[in-house]
Amino acid sequence: MPSAPPSNAVIADALDELGDLYELDGAIVHRVVAYRSAAKAVREASVSVATLAAEGRATELAGIGKTLQEKIQALAATGEIPAAVKLRAKFPPGLIALTRLPGLGPKRARMLHSELGIDSPEALEQAARAQRLRSVRGLGPKFEANMLAALQTQRERPEGRGGRVILPRALELGEQIVAGLQDLGGRGTHVELAGSVRRLADSVKDLDIVATTTRPTALARGLAKLDEIESVSSAGKAGARGRTHAGIDVELRIAKPSQRGNLLQHLTGSGRHNAALREAAVRRGLHVSEYGILDDATAGTLECATEREVYERLGLAYIEPELREDRGELEAAASAGGLPRLIELGDIRGDLHSHTTASDGHNTIEEMGRAARERGYEYLAITDHSASHGFGDDVSPEQLRRQIELVRDADARLEGIQLLAGSEVNILPDGALDYDDELLAELDWVIASVHTSFGSSEQAMTERIITAIEHPLVRAIAHPTGRLIERRQPYAVDLEAVFAAAARSATMLEINANPDRRDLSDLNARAAARAGVTIVIDSDAHRTATLANMRWGIATARRAWLRSEDVANTRPWAELRRGA
DNA sequence: GCCGTTTTCGGCCCGACTGTTTTCAGTCG
């Protein structure tokens, strides 16, 4: 190996770019789609695709054939894919930026380039202002106005993701709107959330809502009356579109009760799940849409009042919304082995990561213990930050000794729940911990995590974390990648190596349930479990109320296909305590 | 470019909306 092989993210980006370039080049849409789905397969693969390709095994991934494997091999060997180099010379980079504007796709971008020499958003703006776009066949004044508006919007919003919000905010907003519509509709009306918010995704771009009602036009018009809604762009008997004050688009669709299952299934998505579902159905002579399932054999359309009927008619077991990401759920739903029985919030017996006023928490040990007991837990680990934590919230070795006593006292006072003396110990840049082993040995539970030096090299970070994993007193690693959803990328770390080390030393990896983290992510948690790692799901609560964050960790675990038996804290503490 | 109870060629999910058009292409989800 001359140098480190390209990461899956780098390969996926290269395939996406090549798809964009081929699209501009006028390739048939299916070829472009092939590049995009290959990019998704690479991005979501749990092992190094460059390594697979070197062994000639990348074709084992769905959507990657001989040609794409060769392109990946070229990328690994030379850092470039020859076809991309060639096409980049033909189409300036600003042209791909143009296709990111709503209403401007590859066909129009190509025409604007060839006929007017437009090669950037700036050039587009000038031409639109000079009313030169209307000289192109198929484009008119309205298109010019739309482009100027789109460019304006793009300027006002910071680069990249346009107004995505994390799940709890989206769910709260969505539930308020659903309740508002339900009130307006009254009896004979049923309103529910669909889309990515129903799939409990990390973050959400827009809200999809499904309703059945006896008065569709009135309900659709009612959307505009809700406090959360800033504006409504259209409303009719089929539904309405609007936007919230928070800048989240809302789509309300109204179905006949007999088609509610079809519409709910369609609008819940994901788009890729639906595309794969429909492609598989076509092979059986069935055509799926939000209105029903058209059977070639009878020329009849089957309407489904429930989603279960939709899946059943297609010969599939019911698929939980959290699994609908085209990550193998359709194959599993069609097979004898079937889908896993997913973990539920009620399976959780305890929480093994929480903070108190000893560090940066807002409640006392006893308050946290009572709140955990009210949630029905059998145990709660008090894991304040350690000796090198900043912000004046560090806990010195002396303070930790005192804290252990306080936890023992509170445990003795509190009936019905076991309080565990623990610590969230910082992993220092060299992999060492910031308490002596002698002190750590007095704790019931040690969870270790990275809070500093995020910018280390991948190799240094990987060695650092593996050193902590192999420490005999460390039971688990908290928020293993350090990501903050929509705010901070994970630090560079070789997760394949981390998972192997964790499996080998029986150290658990956490799904941190803080909704800004959800770290491990769904894909990473699934890969970890497949590698033989035991997962622990913790709230990382800093006050009594945020013990309830556990639900977001469960959401991630379900999206990771985890069952109760894959997760440590579904078991009694007696089974988890060291040596048991 | 991928893939096969259509298996090495000829297909490849479905429908809505928009703006521009006299019947539809392009874009989007």
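In this structure, A/Arg526 is positioned above the aromatic face of A/Trp561, its NZ or CZ under 6.0 Å from the six-membered ring centre and within 45° of the axis.
Atoms CG (A/Leu277) and C1' (B/dC12) sit 16 Å apart, rounded to a whole Å. Between the P atom of B/dC14 and the CG atom of A/Leu294 lies a distance of 9 Å, rounded to the nearest Å. With rounding to whole Å, A/His273 atom NE2 is found 15 Å from B/dG29 atom C1'. B/dG15 atom C1' lies 12 Å from atom CG of A/Leu267, rounded to whole Å. Between the P atom of B/dG15 and the CG atom of A/Asn274 lies a distance of 13 Å, rounded to the nearest Å. Look at CZ on A/Arg36: it is 11 Å from P on B/dC28, rounded to the nearest Å. Atom pair A/Leu112:CG and B/dG26:P shows a separation of 13 Å (rounding to whole Å applied). The interatomic distance linking A/Arg31 (CZ) with B/dC2 (P) rounds to 10 Å, in whole Å.
Taking the charged nitrogens against the carboxylate oxygens, A/Arg198 and A/Glu192 have no contact shorter than 4.0 Å, which rules out a salt bridge. Look at A/Asp25 and A/Arg110 and you find no salt bridge, because none of the NZ, NE, NH1 or NH2 atoms lies under 4.0 Å from a carboxylate O. Classification of A/Arg559 and A/Asp522 as a salt-bridged pair holds, one side-chain N sitting under 4.0 Å from a carboxylate O. With respect to the salt-bridge test (charged N to carboxylate O, under 4.0 angstrom), the residues A/Glu309 and A/Arg313 do not qualify.
Heavy atoms of A/Ala38 sit nowhere under 4.0 angstrom from any nucleic acid atom. Residue A/Gly271 is out of contact with every strand shown, counting any heavy-atom pair closer than 4.0 Å. Contacts of A/Val32 with the nucleic acid, taken as non-hydrogen atoms under 4.0 Å apart, are absent. Residue contacts for A/Leu18: at a heavy-atom cut-off of 4.0 Å it reaches no nucleic acid atom on any strand shown.
B/dC2 and B/dT8 have their C1' atoms separated by 12 Å, with the value rounded to a whole Å. Only the C1' atoms considered, B/dA25 is 9 Å distant from B/dT20, to the nearest whole Å. Taking atom C1' in both B/dC17 and B/dG11, the straight-line distance is 28 Å, to the nearest Å. Here, B/dC28 and B/dT22 have their C1' atoms 25 Å apart, quoted to the whole Å. A gap of 13 Å separates the P atoms of B/dG26 and B/dT21, to the nearest Å. B/dC12 and B/dT7 are spaced 15 Å apart, taking the P atom of each and rounding to whole Å.
Across every strand in view, B/dT8 sits unpaired, with no contact that passes the Watson-Crick or G-U test at under 3.5 angstrom.
Looking only at distances, no side-chain donor or acceptor of A/Glu23 sits under 3.5 Å from a matching main-chain atom of A/Val32. Proximity of a side-chain donor or acceptor of A/Arg164 to a complementary backbone N or O of A/Asp202 within less than 3.5 Å is not detected. Judged purely by atom type and a 3.5 angstrom limit, A/Gln182 uses its side chain to pair as donor or acceptor with the backbone of A/Thr189.
Residues that satisfy the salt bridge (charged side-chain N to carboxylate O under 4.0 Å, His left out) test with A/Asp20, not counting sequence neighbours, are A/Arg36, A/Arg100. In this structure, the ring-ring contact (aromatic ring centres under 6.0 Å, His included) partners of A/Tyr22, at least two apart in sequence or on a different chain, are A/Tyr35. Judged as a salt bridge (charged side-chain N to carboxylate O under 4.0 Å, His left out), and not counting sequence neighbours, A/Asp208 has no contacts.
The side chain of A/Lys205 lies closest to B/dG29, out of B/dG29, B/dG15, B/dG1. The side chain of A/Ile28 approaches B/dC12 more closely than any other nucleotide in the set B/dG15, B/dG29, B/dC12. Closest to the side chain of A/Ser289, from the set B/dG29, B/dC12, B/dG15, is B/dG15.
Residues A/Tyr291 and A/Thr301 have side chains not in contact (no heavy-atom distance under 4.5 Å, counting atoms from C-beta outward). Two residues are said to be in side-chain contact when any heavy atoms from C-beta on lie closer than 4.5 Å; A/Arg563 and A/Ile343 fail this criterion. A/Leu112 is listed as a side-chain neighbour of A/Leu139, based on a closest heavy-atom distance under 4.5 Å.
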Are there any protein N/O atoms within less than 3.5 Å of an N/O atom in nucleotides 19-21 of chain B, and if so, which ones and at what distance?
{"from": "B/dG19", "atom 1": "OP1", "to": "A/Asn146", "atom 2": "ND2", "distance (Å)": "3.3"}
{"from": "B/dT20", "atom 1": "OP1", "to": "A/Gly140", "atom 2": "N", "distance (Å)": "2.6"}
{"from": "B/dT20", "atom 1": "OP1", "to": "A/Gly140", "atom 2": "O", "distance (Å)": "3.1"}
{"from": "B/dT20", "atom 1": "OP1", "to": "A/Lys142", "atom 2": "N", "distance (Å)": "3.4"}
{"from": "B/dT20", "atom 1": "OP1", "to": "A/Phe143", "atom 2": "N", "distance (Å)": "3.2"}

Could you go through nucleotides 4-6 of chain B and list every protein N or O atom that sits under 3.5 Å from one of its N or O atoms, giving the distance for each pair?
{"from": "B/dT6", "atom 1": "OP1", "to": "A/Arg283", "atom 2": "O", "distance (Å)": "3.3"}

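A heavy atom closer than 4.0 Å to some atom of DNA chain B occurs in no member of residues 297-336 of chain A.
Residue A/His287 has a polar side-chain atom (N or O) positioned under 4.0 Å from OP1 or OP2 of B/dC14. In terms of phosphate contacts, A/Thr67 brings a side-chain nitrogen or oxygen within less than 4.0 Å of OP1 or OP2 of B/dC2.
The 5' end of DNA chain B is approached more closely, in terms of each residue's nearest nucleotide, by A/Arg278 than by the other of A/Arg278 and A/Arg100. The 5' end of DNA chain B is approached more closely, in terms of each residue's nearest nucleotide, by A/Leu61 than by the other of A/Leu61 and A/Glu251.
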